[in-house]
Amino acid sequence: MLATIAGMTRLIAGIDFERPAHEVARKLIGVTVLVDGVGGRIVETEAYDREDPASHAFTGRSERNFAMFGPPGHAYVYRSHGLHWCLNFVCMEDGHGAGVLIRALEPVKGLDAMHARRKFDDVHILCAGPGRLCQAMAVTRAHNAMALDAPPFELRARTGRVQVVAGPRIGISKAVDVPWRFGLANSPYLSKPFR
DNA sequence: CTTAGGATCGCCT
DNA sequence: GGCGATCCTAAGC
């Protein structure tokens with residue numbers, strides 16, 4: 001399943017989603033994501049690979065996770081604990097679906113709308129967590145499998161350099177030591193600090 | 001500041 | 001029937 005012809009790879013905000021999830025997760029730090037013009041700069045991500053026991057794709061395709069199996073550059077939105085929505089960007093390498101969980105944003109656009117949806121939370125908490133940022137941007141199942149390079153989504157390439165830190169992923173019980181959580185160093189908008 | 005429990009539902013065993 | 005890629009609140013130290 002090679003959609004890539006040398007030099008002809010289609011990029012979204014400078015990102016090639018036909019790369020390993022951990023590589024895409026690292027490169028997404030500093031990229032701005034907007035949904036209907038509301039959102040911010042990505043400061044925290046986690047990679048979930050096809051061969052990864054912690055990944056929803058690990059046990060195969062289902063009604064919930066089909067978006068993870070492609071195409072790349074689309075959204076995978078799932079419900080967590082029966083309550084919260086979580087947003088992933090789908091990656092593919094050699095036809096294997098994988099995802100990058102968006103874990104935290106630095107709020108940039110549409111602050112009023114996000115504060116209103118989040119009961120006027122402090123700006124440092126507003127998008128600090130996968131469930132919180134989905135509530136702030138009003139992401140739901142309706143966004144599942146949508147393309148990231150078309151409305152309501154908009155991705156903007158990062159400008160300038162960023163210092164990225166890595167560590168173990170949060171809230172999982174399998175593959176606990178895999179260091180596939182990435183963050184913008186010293187950002188005050190992380191869901192949890194890196195140590 | 002740290003920890004514990006509840007909410008709530010679709011998927012997997 | 002069990003258990004989450006979570007979040008909020010309340011209580012304890």
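Atom set for the values below is all heavy atoms of this structure, side chains included, hydrogens, waters and symmetry mates excluded. If you're wondering where the values come from, they're calculated on a predicted model, not measured in any experiment. A note on names: the letters A, B, ... follow the listed sequences, proteins ahead of strands, and every chain is numbered from 1.
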Student: Any heavy-atom pair between the side chains of A:Asp52 and A:Arg169 that's under 4.5 Å?
Tutor: yes
Student: Answer with base, sugar-phosphate or nothing: what part of the nucleic acid does A:Arg118 contact at a heavy-atom distance below 4.0 Å?
Tutor: sugar-phosphate
Student: Whole Å only: how far is the NZ atom of A:Lys174 from the P atom of C:dC3?
Tutor: 12 Å
Student: Can you check the A:Arg79 CZ to B:dC12 P distance for me, whole Å?
Tutor: 16 Å
Student: Given C:dA5, C:dT6, B:dC11, identify the nucleotide with an atom nearest to the side chain of A:Ile172.
Tutor: C:dA5
Student: Between A:Arg132 and C:dC8, is there a contact of a side-chain N or O with OP1 or OP2 at under 4.0 Å?
Tutor: yes
Student: How about A:His56 and A:Tyr48: are their ring centroids closer than 6.0 Å?
Tutor: no
Student: Quick check with a 6.0 Å cut-off and a 45 degree axis cone: is A:Arg79 positioned over the face of A:Trp85's six-membered ring?
Tutor: yes
Student: Starting from P on C:dT9, measure out to NZ on A:Lys119 and report it in whole angstrom.
Tutor: 6 Å
Student: Calculate the interatomic distance between A:Trp180 atom CH2 and C:dA5 atom C1'; express it in whole Å.
Tutor: 14 Å
Student: A:Asn88 has a side chain; which of C:dA5, C:dT6, B:dC9 sits nearest to it?
Tutor: C:dA5
Student: Just to confirm, is there a sub-4.0 Å distance from OP1 or OP2 of C:dA5 to any side-chain nitrogen or oxygen of A:His56?
Tutor: yes
Student: Does C:dA5 have OP1 or OP2 under 4.0 Å away from a side-chain N or O of A:Arg64?
Tutor: no
Student: In this structure, how many angstroms lie between the P atom of C:dA5 and the CH2 atom of A:Trp85, rounded?
Tutor: 16 Å
Student: Is the shortest side-chain N/O distance from A:Ser62 to OP1 or OP2 of B:dC12 below 4.0 Å?
Tutor: yes
Student: Could you work out which one of C:dT6, C:dC8, C:dA5 sits closest to the side chain of A:Leu101?
Tutor: C:dA5
Student: Which of the following nucleotides, B:dC9, C:dT6, B:dT13, is nearest to the side chain of A:Thr59?
Tutor: B:dT13
Student: Counting only side-chain heavy atoms from C-beta out, which of C:dC7, C:dA5, C:dC8 sits nearest to A:His84?
Tutor: C:dC7
Student: OP1, OP2 of C:dG4 versus side-chain N and O of A:Ser173: anything below 4.0 Å?
Tutor: yes
Student: Take the protein atom CZ of A:Phe120 and the nucleotide atom P of C:dC8, then report the distance between them rounded to whole Å.
Tutor: 15 Å
Student: In plain terms, say whether A:Lys27 and A:Asp16 are close enough for a salt bridge, that is, a side-chain N and a carboxylate O under 4.0 Å apart.
Tutor: no
Student: Return the nucleotide paired to C:dG1: Watson-Crick means purine N1 to pyrimidine N3 with N6-O4 or O6-N4, wobble means G-U with N1-O2 and O6-N3, both under 3.5 Å.
Tutor: B:dC12
Student: Would you indicate, yes or no, if B:dG10 has its OP1 or OP2 atom less than 4.0 angstrom from a side-chain nitrogen or oxygen of A:Arg141?
Tutor: no
Student: Separation of A:Ile125 atom CD1 from C:dT9 atom P, in whole Å?
Tutor: 11 Å
Student: Go through C:dT6, C:dA5, C:dT9 for me and flag the one nearest to the A:Tyr78 side chain.
Tutor: C:dA5
Student: Output the rounded distance in Å from CZ (A:Phe182) to C1' (C:dA5).
Tutor: 15 Å
Student: If you measure from the Lys or Arg side-chain nitrogens to the Asp or Glu carboxylate oxygens, is any gap between A:Glu93 and A:Arg19 under 4.0 Å?
Tutor: no
Student: Is it true that A:Arg50 and A:Asp94 have a side-chain N and a carboxylate O under 4.0 angstrom from each other?
Tutor: no
